[in-house]
Amino acid sequence: MSRNTISEVIKLKRRLYIELLRLVKTGKLVEEISSLSQKMITKDSPRYRCCEFKERAIFDQRIKAVMGFNIASNKDKSLEELAESLPRQEKKRNIVEVIYTACDSCPIDKYIVTDACRNCVAHKCVNACPVSAIVIIQNKAYIDQDKCVECGKCAGACSYNAILENQRPCSRACELDAINSDSNRQAKIDREKCVSCGSCITACPFGAITETGDLIQVALELFSEKNKLAAMLAPSFVGQFGYQQGPAKIKYALKKLGFEKVIEVAAGAEITAAAESKELKEKIIEEETLLSSCCPAFKTMVLNEFESLSNLISKTDSPMAVTAQEIKNENNELKTIFIGPCTAKKEEALQNENVDYVLSFEELLALFTAHNINLAEIEKAEKLEDAGVLGRQFAYAGGLQKSLQELITVDYKSKQVDGLGRLKKELYLIKAKKNNYNFLEGMACTGGCIGGPSAMISKKAAKKLVQNFAASN
């Protein structure tokens, strides 16, 4: 079922979700939250650090993030104190957080000399180093790590490619160089570059990078039944909870969970496509390029690093924002909860007054489990008929591009690029006016939203299931 092997980090996270939700359901969140880590981590439980006390300290930090609090700014506040303040509607927090207690400080030398070194006469590596960090010992080059400034000039100069670059997993996963290390070698996020794509979260084998979430706040809303809630299902939801668990069954389960309204975000995607097609027609006439605005990570990257191109970003709201606006227009008392595979959507929601909360597919699965809803045992269903092919195909890379091609009759050129690294190169070409198209569909995740950090099935399977669902209407 899983897109990747289910690691111990994922198992621990899911277990924590369920235990916290059970406390919410029984009304004992404030009363028992401070002792939860002791209950879950004993001296006999599997350990990954030096002792159970450090494990518990890390677990307490995770609990703060799951409750929606930034870890660093709330380090002196107790779990009980934070739990008492829920639910809250504070629209200001960092989505991606480092749990410094959990960070391994990755004792990795970034550049190392391999046995491919031939002790050549040229010694280009020695001459290329600006800080004299390379010396020749016993017919082989060595790097003095105390002097090395990790500039990489030696690796570029070596004719034998004998000097290799070794990166920590989180920084290797980040295509925008938003992760580096501090003086203690602990991971540090550059907030000026980070777009909350979540790639570093999935990459860290220690689970030291996490996301702050709305799960507990949504659970409090659901279980207290004080407010009416609307679930907004991302187009990529199809098949995420099991290949046999169809969309109609998911809708019924959400209603059973307590949601007043369940709607496909694909309905908002169709509105987005129509509005964006009008913008594109104008750009075609003006012989300019329109950049898509659906992916918040891509949009943020443009704003952060290509400010001169920001005027090319579509003014049309994302499908999530459009869907939330439609719900609020119909009934302003409904609270809107977006459900999808995207970490960056949590960042986007903080900037949008119409989106109250965001849940990942994993978080929704935990809600089902805590509420004793077994999708495999559900026999009833409520058909989803909010959208058609135009909106549902937004789930995968090229879907928006295809929708616009179906809406616009005039001839024009378009391009689809997924992956932030590739998108960055493409934006440099646009900036230099070396592109030959009128529209760029940019998706931060490889494969599009179906490849998001919280997706639970393979991109290939997800695309096929979405396409089948789109064709069913």
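One-based numbering along the sequence shown. These figures come from a predicted structure and were not determined experimentally.
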Taking the side chain as every heavy atom from C-beta outward, state whether [X] and [Y] have any atom pair closer than 4.5 Å.
X      : Y      : answer
Gln325 : Asp317 : no
Lys278 : Thr316 : no
Cys103 : Phe206 : no
Val9   : Pro205 : no
Phe53  : Ile58  : no
Ile457 : Leu465 : yes
Leu21  : Thr369 : no
Val96  : Thr210 : no

Which pair of non-hydrogen atoms, one from [X] and one from [Y], has the smallest distance, and what is that distance?
X      : Y      : result
Pro235 : Val265 : CD-CB, 4.0 Å
Ile216 : Leu86  : CG2-CD1, 4.0 Å
Phe394 : Ser403 : CE1-OG, 3.8 Å
Ser414 : Gln401 : OG-NE2, 2.9 Å

Test side-chain contact (heavy atoms from CB on, under 4.5 Å) applied to Leu233 and Leu254, step by step: CA-CA 10 Å; Leu233 284 169; Leu254 284 165; 3.9 Å; yes

Lys NZ or Arg CZ of Lys380 over Tyr252 ring: under 6.0 Å, within 45°: no

Quiz item: cation-pi between Arg392 and Phe469, 6.0 Å / 45°: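 Because its charged atom sits under 6.0 Å from the ring centre and within 45° of the axis, Arg392 does stack over Phe469.
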
Measuring from [X]:[atom1] to [Y]:[atom2], what's the distance to the nearest 0.5 Å?
X      : Y      : atom1 : atom2 : value
Thr336 : Asn352 : OG1   : CG    : 8.0 Å
Ile95  : Cys194 : CD1   : SG    : 9.5 Å
His371 : Leu222 : NE2   : CG    : 8.0 Å
Glu326 : Ile263 : CD    : CD1   : 8.0 Å
Tyr17  : Leu12  : OH    : CG    : 12.0 Å
Ile373 : Leu365 : CD1   : CG    : 11.0 Å

Pair Thr446-Asp418, side-chain hydrogen bond (donor to acceptor under 3.5 Å, both in side chains): steps then yes or no: CA-CA 5 Å; Thr446 304; Asp418 51 330; 4.9 Å; no

Salt bridge (charged side-chain N to carboxylate O under 4.0 Å, His left out) assessment of Glu441 paired with Lys415: CA-CA 6 Å; Glu441 177 198 305; Lys415 188 170 185 178; over 6 Å; no

Are [X] and [Y] within salt-bridge range, i.e. N to O under 4.0 Å?
X      : Y      : result
Lys193 : Glu305 : no
Glu333 : Lys228 : no
Glu97  : Arg191 : yes
Glu221 : Lys335 : yes
Glu330 : Lys261 : yes
Asp214 : Arg93  : yes
Glu31  : Lys28  : no
Lys315 : Glu279 : no

Test log, rule side-chain contact (heavy atoms from CB on, under 4.5 Å), inputs Thr323 and Ile327: CA-CA 6 Å; Thr323 306; Ile327 292 172; 4.2 Å; yes

Test log, rule side-chain contact (heavy atoms from CB on, under 4.5 Å), inputs Ile209 and Ile179: CA-CA 11 Å; Ile209 306 178; Ile179 298 244; 4.0 Å; yes

Lys25 atom NZ, neighbour heavy-atom count above 12 within 6.0 Å: yes

Other residues, nucleotides, ligands: >12 heavy atoms within 6.0 Å of Glu80 CD: yes

Quick one: does [X]'s side chain have a donor or acceptor within less than 3.5 Å of a partner on [Y]'s backbone?
X      : Y      : value
Ser171 : Gln167 : no
Lys249 : Leu375 : yes
Gln416 : Ala397 : no
Ser314 : Leu290 : no
Glu55  : Ile41  : no
Glu52  : Thr42  : no
Glu165 : Tyr111 : no
Lys328 : Leu334 : yes
Ser35  : Glu32  : yes
Ser78  : Glu81  : yes

Evaluation steps, salt bridge (charged side-chain N to carboxylate O under 4.0 Å, His left out), between Glu362 and Lys13: CA-CA 9 Å; Glu362 278 189 323; Lys13 180 174 66 172; 2.8 Å; yes

Steps toward side-chain hydrogen bond (donor to acceptor under 3.5 Å, both in side chains) verdict (Glu276, Ser292): CA-CA 8 Å; Glu276 211 155 81; Ser292 63; 5.5 Å; no

Criterion side-chain contact (heavy atoms from CB on, under 4.5 Å) on Phe69 and Ser85, from CA distance to verdict: CA-CA 11 Å; Phe69 295 96; Ser85 69; 3.3 Å; yes

Full working for salt bridge (charged side-chain N to carboxylate O under 4.0 Å, His left out) between Glu382 and Lys255: CA-CA 9 Å; Glu382 286 192 34; Lys255 288 288 190 73; 3.3 Å; yes

Aromatic centroids of Phe361 and Phe237 separated by under 6.0 Å: no

Phe368 and Phe241 aromatic ring geometry - parallel, tilted or perpendicular at 30°/60° bounds: perpendicular

Ignoring hydrogens and angles, write down the donor-acceptor pairs under 3.5 Å from the side chains of residues 337-349, residues two or more places apart or on other chains.
unit_1, atom_1, unit_2, atom_2, d
Lys345, NZ, Cys294, O, 3.4
Lys345, NZ, Glu348, OE1, 2.9
Lys346, NZ, Glu211, OE1, 2.8
Lys346, NZ, Glu363, OE2, 3.4
Glu347, OE1, Ser196, OG, 2.9
Glu348, OE2, Ser318, OG, 2.5

